[in-house]
Number of protein chains: 2
Amino acid sequence: MVTHILVTGRLQVIKVRRDVFQAIADPTRRAIINMVAYQSMNLNTVAENFDISRPAISKHIKILTECGLIVIKQQGRERYCEAHLQQLQEVNEWTTHFKTFWTQKLDALENFLEQDTNKPTENK
Amino acid sequence: MVTHILVTGRLQVIKVRRDVFQAIADPTRRAIINMVAYQSMNLNTVAENFDISRPAISKHIKILTECGLIVIKQQGRERYCEAHLQQLQEVNEWTTHFKTFWTQKLDALENFLEQDTNKPTENK
DNA sequence: CCATTGCGTAACCAAATGGTTACACATATA
DNA sequence: TATATGTGTAACCATTTGGTTACGCAATGG
């Protein structure tokens, strides 16, 4: 079911059928994205880079297409995976809101914290 | 099992037992993060803002603590959820790598795409 | 001291996830 | 035309996920 409709740039309508946060939760899918980001690649070539079976990769790619991160271009019997990573903007913006948490080292919160982390009391 | 050990700022060691990408995949957990980011809140108060049960929220918060995004401060019988969002840096950086995908509107790829999206042929 | 509040957790459950093997089928290719 | 290649998908499976209710227990407050 369509959960979002976003219009990017020039009337390019992308129907998102799946939460992009959930799509990138899986490490294999992130690896696929890294792999095809700057070089389109057919499905079998992608699959050869992993230990899991070709159908498993096929499923992952299907999920990525469902949220628009990958677009398939059929070419003869081959299907090329093209990265369309505009959807990652949502993730980038959400995390950017919290950028102060890792850029400001010594805000009041961390000062407070350091009081109990001075002694690195540890667990197992 | 500990999957990462990161040292931030001043010898503050965070043991990450869970992938942060997976932790933020759930919309409820993202809502919790938004809620406590700038104002610590005890668990029951967090739970009151959701339709799901208090134990369900408790589980979500446990997951968030397992990847270091939230730290619990016990205060009497109450447990305050404090946001420690440094881990989101990993997500922010990964998505930032692909920023050109949504900032450069007219790279060769999109030009090509517009050829087939000019007519918004549609599906349901 | 007793009731209430705030919380963790166990036990349970349905659905989603991530993998597999087996098969079908269209496109290349010899 | 026969075979090999590239791929989707069905059927199946174990595990994980996200929720519930029920219970226990320490801290608070009357």
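To find a chain, count down the sequence lines: A is the first, B the second, and so on, and within it residues start at 1.
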Query raised in the report: Can you find a donor-acceptor N/O pair under 3.5 angstrom joining the side chain of A:Arg77 to the base of D:dT5?
Result: yes

Query raised in the report: Does B:His60 make a side-chain N or O approach to OP1 or OP2 of D:dG19 shorter than 4.0 Å?
Result: yes

**Report entry** A:Lys62 vs D:dT7: side-chain N/O to OP1/OP2 distance below 4.0 Å
**Finding:** no

Requested in this report: Check whether any side-chain heavy atom of B:Trp94 lies under 4.5 Å from a side-chain heavy atom of A:Asn92, and answer yes or no.
Outcome: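 No; the side chains remain at least 4.5 Å from each other.
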
Would you confirm whether [X], through its side chain, and [Y], through its main-chain N or O, come within 3.5 Å as a donor-acceptor pair?
X	Y	answer
B:Arg54	B:Ala47	no
A:Arg30	A:Ile24	yes
B:Thr95	B:Val91	yes

Requested in this report: State, without any angle test, whether B:Gln22 and B:Arg18 hold a side-chain donor-acceptor pair at a distance under 3.5 Å.
Outcome: yes

Query raised in the report: Would you say the side-chain atoms of A:Tyr80 and A:Glu82 include a donor-acceptor pair closer than 3.5 Å?
Result: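 No.
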
**Report entry** Boundaries of the DNA chain C segment in contact with chain A, non-hydrogen, under 4.0 Å
**Finding:**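 The footprint of chain A covers C:dT17 to C:dA28.
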
Between [N] atom [atom2] and [X] atom [atom1], what is the distance in whole Å?
X	N	atom1	atom2	value
A:Leu43	D:dG6	CG	P	11 Å
A:Met41	D:dT7	CE	P	12 Å
B:Ile61	D:dG18	CD1	C1'	15 Å
B:Asp19	D:dT16	CG	C1'	14 Å
A:Lys73	D:dT7	NZ	C1'	18 Å
B:Glu78	D:dT28	CD	P	9 Å
A:Ile70	D:dG8	CD1	P	12 Å

Requested in this report: Take the angle between the ring planes of B:Phe101 and A:Tyr38 and call it parallel below 30°, perpendicular above 60°, tilted in between.
Outcome: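 B:Phe101 and A:Tyr38: tilted rings.
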
Do you know the tightest heavy-atom contact between [X] and [Y]?
X	Y	result
A:Asp19	B:Ala25	OD2-O, 3.6 Å
B:Cys81	B:Ile70	CB-CG2, 4.0 Å
B:Cys67	B:Ala23	SG-CB, 3.5 Å

Requested in this report: May I ask you to list the residues of residues 46-59 of chain B, by number, that have any heavy atom positioned under 4.0 Å from an atom of DNA chain C?
Outcome: B:Arg54, B:Pro55, B:Ser58, B:Lys59

Requested in this report: Tell me which residues in residues 22-38 of chain A put a heavy atom below 4.0 Å from DNA chain C, sorted by number, or none.
Outcome: A:Gln22, A:Asp26, A:Arg29

Query - Ring center gap for B:Trp102 and B:Phe98 short of 6.0 angstrom - result: no

